[in-house]
Each structure stands twice: as C-alpha cells, then as structure tokens.
Amino acid sequence: MANQKMNLPSPFSFKECLWFLNRNFDDCMHTVGEDHVRKVILVENQPVLFEIREKNSKLIIKILKGEGSPVIENFIHDWFDINRDIKPFYQLLSAHKELAYMSKDFEGLRLIGIPDLFEAICWCIIGQQINLTFAYKTKRRLVERYGTKIIYEGQDYYAFPSPEALAAANPEELKAMQFSAQKIAYLTGIANVFKEGKMSKQILLDLPDVAAQQKALTAIKGIGIWTANYTLMKTLRIPTSIPYGDAGLLNGLIAHRIISDKKDIEGINTFFRHFKGWESYLVFYLWRSLAPKT
DNA sequence: GCCCAGGACTATG
DNA sequence: CATAGTCATGGG
C-alpha cells in the first residue's frame with residue numbers, strides 16, 4: 001500500500017508535537033524516534049502499526065504492519081488536532097505579557113489528544129494523585145500485560161487494553177503492578193461499564209451539552225470532576241474544558257506569576273476569561289511549559 | 001520523616 | 001454546600 005500524505009495547516013510543527021509526545025516521560029502508547037513516531041491502534045479489533053514522518057510540509061503515513069484503513073487517517077487528524085485553526089489562540093497568547101513567548105517557543109504545537117475514551121479515562125485513574133514518572137511506569141506494566149502487542153523488526157509495540165481485557169484482569173496481578181486497591185476497583189469497574197456499553201464516546205457525543213457530559217462521566221466510580229474535564233479536553237476536544245485543580249496547571253499558573261496561591265480560584269477564573277474558547281489549549285501549553293528539560 | 005504528585009470518595013457540620 | 005479525613009505509593 002502506498003504511503004498516505006496529509007496536508008498540514010499553518011501553524012503546525014511536527015517537531016513540537018514529537019517533542020511533546022516524548023518530553024522525557026516513558027509513554028508506552030507510542031514510540032518516538034529522531035524524526036518520526038510509531039503507534040498501534042485497533043481497527044475493527046485488529047492491531048495496526050503505523051509510522052508518521054514529515055516531508056515538504058506534509059505528514060507521510062506509512063503502515064508498517066496490519067491492514068491500512070481510512071480509520072488511521074482520521075485517527076491522526078484527531079490525535080494532532082490537524083483541522084483546527086489555532087491562529088486566534090496565538091493572537092490571545094501574544095497579547096498576554098507572561099505568555100507571549102509561547103507563541104514563538106512552542107509555535108505549531110497542537111493539543112495532542114487521546115482519541116480513545118476508554119484509554120483516556122484509564123490514564124486519568126492511573127495518574128490520579130501520583131507523580132507522572134510513576135504513573136507512566138505503572139501504565140506500561142498494565143499495557144504490556146493486557147494490551148495487544150505487535151512485533152515489528154524485533155521490537156514490541158502495544159495498543160491499549162480493551163475493556164474486556166481489563167474487566168477480566170486479575171486484581172492480584174494489578175496489585176503487583178503497584179496499583180492501589182482503590183485504583184484497581186476503579187479500573188475494573190470502568191472496564192465493565194464500557195464492556196456493557198453503558199459508556200462510550202458516542203454516548204457522550206449524543207448528550208446536549210458539556211454539563212450533561214460531565215454529569216454522565218462523574219456518575220461513574222473513580223471519575224471526579226478533574227478526570228471528567230481532562231477527558232473532555234483530550235478526547236472530545238471541548239475547547240472550554242479546564243481540568244480545575246490539576247497539579248500541573250496550578251504549578252504552571254504560579255510559574256508564570258498568574259497566581260501566587262493555589263486556592264486563588266478567583267484569580268484563575270479571571271485569567272481564563274481572557275482566553276474564552278481556548279481554555280483547553282492554554283492548559284495544554286502550560287503543561288508543555290512545565291515539561292522536564294532535556 | 002515530610003511534602004508533593006496532572007484526585008476521588010465518604011462522612012460530617 | 002464546604003470542609004476534613006481517608007486511601008495509596010513513589011520520588012525529592
């Protein structure tokens with residue numbers, strides 16, 4: 001099958017996106033090289049490994065293993081938020097004294113999403129209240145045990161576990177991976193909710209507004225308002241969604257002298273009002289600014 | 001030992 | 001409804 005080419009908007013920086021995907025954390029959901037990223041997704045339950053490079057301002061998509069499908073192209077559009085015009089966001093950034101540098105330093109960075117709802121929620125559960133290094137470590141253990149593996153040129157690549165696989169997971173094994181009893185209950189519980197079809201991306205999309213989506217998510221054990229908002233930001237790409245209380249967000253706001261006290265709710269709200277409609281992008285750029293230095 | 005980390009839940013006033 | 005206590009575990 002011939003490589004797919006994908007046109008890119010402006011500004012778009014594949015390099016910035018790659019940097020974020022890597023950013024000195026060991027994320028098992030993709031593999032970043034010098035000038036490319038590889039990832040496995042499931043297409044009709046069959047794993048497909050693809051690789052993305054950039055050439056002449058286009059993304060070049062190559063299927064390394066498995067069946068090619070239009071699903072993959074759609075996935076990449078979603079993953080890198082390619083169809084969005086982010087120029088209005090840059091105008092807002094440029095007008096802000098403390099943040100103007102971002103429009104140059106991170107120019108073309110896209111809000112990297114998590115198109116799979118189940119994966120996004122599980123990742124939230126895993127990451128709740130623990131440091132990211134440890135969170136990525138335990139996620140890798142989970143994925144390498146229950147995910148779908150593809151071997152290509154001697155290297156292992158994984159797709160995130162299905163709800164069925166996690167629902168059937170052995171709690172003792174999960175405990176040995178250093179998940180707390182609470183998180184084990186949350187993860188398997190949510191896996192069952194998905195397995196039974198009581199939650200899905202489509203179910204959320206069919207709801208009338210963001211408030212209803214938050215409500216549907218937080219009705220599930222283990223999903224609080226932070227997880228709900230994070231998910232709406234990363235999976236449904238609700239531009240106004242802010243993961244309130246997020247430790248990284250608060251540290252980002254303090255680092256840029258926007259607030260001096262993490263409990264300064266009013267200061268945070270005032271700040272976000274300047275970025276109406278681009279709140280989630282702003283949060284993402286603040287996270288970017290906090291990433292460990294190389 | 002203490003505090004923090006991309007929180008959530010439950011009980012209590 | 002706002003707050004306090006509880007859970008849980010690695011890293012600095």
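Hydrogens, waters and symmetry mates play no part in the numbers below; they use all other heavy atoms, side chains included. Quick note on labels: first sequence line is chain A, next is B, and so on, each numbered from 1.
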For the CG atom on A/Asp85, are there more than 12 heavy atoms of other groups (residues, nucleotides or ligands in this structure) within a distance under 6.0 Å? yes
Separation of B/dG7 C1' from A/Asn229 CG (nearest whole Å): 13 Å
Looking at A/Lys137 and A/Asp26, is any side-chain nitrogen of the basic one under 4.0 Å from a carboxylate oxygen of the acidic one? no
Please tell me whether A/Tyr136 and A/Trp123 form a close aromatic pair, meaning their ring centres lie under 6.0 Å apart. yes
Determine whether the aromatic ring centres of residues A/Tyr281 and A/Trp278 are separated by less than 6.0 angstrom. yes
Pick base, sugar-phosphate or nothing for A/Leu286, based on heavy-atom distances below 4.0 Å to the nucleic acid. nothing
Do A/His256 and A/Tyr101 have ring centres separated by under 6.0 Å? yes
Counting the atoms with a prime plus P, OP1 and OP2 as sugar-phosphate, which does A/Ile125 contact under 4.0 Å by heavy atoms, base, sugar-phosphate, or nothing? nothing
d(OH, A/Tyr136; C1', C/dG10) in whole Å: 16 Å
Measure CG/A/Leu290 against P/B/dA5 and give the value in whole Å, please. 11 Å
Taking OP1 and OP2 of B/dC4, is either one under 4.0 Å from a side-chain nitrogen or oxygen of A/Asn251? no
Whether the side chain of A/Asn229 engages the backbone of A/Ile242 through a donor-acceptor N/O pair (distance < 3.5 Å, no angle test) should be reported. yes
Any A/Thr227 side-chain nitrogen or oxygen under 4.0 Å from OP1 or OP2 of B/dA8: yes
Of the listed C/dG10, B/dG7, C/dG11, the closest approach to the A/Ala247 side chain comes from B/dG7
Give every pair of a protein N or O atom and an N or O atom of nucleotides 1-8 of chain C that lie under 3.5 Å apart, one pair per line with the distance.
unit_1	atom_1	unit_2	atom_2	d
C/dC7	O2	A/Gln182	OE1	3.0

Could you tell me the separation between the CG atom of A/Leu132 and the C1' atom of B/dC4, rounded to a whole number of Å? 12 Å
Length of the line joining A/Ile254:CD1 and B/dC4:P, which is rounded to integer Å: 11 Å
Of the residues in residues 260-270 of chain A, which ones touch DNA chain C at a heavy-atom distance under 4.0 Å? none
Between A/Lys201 and A/Asp78, is there a side-chain N and carboxylate O pair less than 4.0 Å apart? yes
First encountered from the 5' end of DNA chain B, between A/Asn131 and A/Ile220: A/Asn131
Close aromatic pair by centroid cut-off 6.0 Å: A/Phe50 and A/His30: no
Pair A/Lys263 + A/Asp261: basic N to acidic O under 4.0 Å: no
For A/Ile190 and B/dC9, what is the distance between atoms CD1 and C1' respectively, to the nearest whole Å? 13 Å
Would you mind reading off the distance between A/Leu249 atom CG and B/dG7 atom C1', rounded to a whole angstrom? 14 Å
For A/Tyr186 and B/dA8, give me the distance from atom OH to atom P, rounded to whole Å. 9 Å
Kindly say whether A/Met29 contributes a backbone atom to a donor-acceptor pair with the side chain of A/Asp27 at under 3.5 angstrom? yes
Look at A/Lys221 and B/dG7 and indicate whether a side-chain polar atom (N or O) is within less than 4.0 Å of OP1 or OP2. no
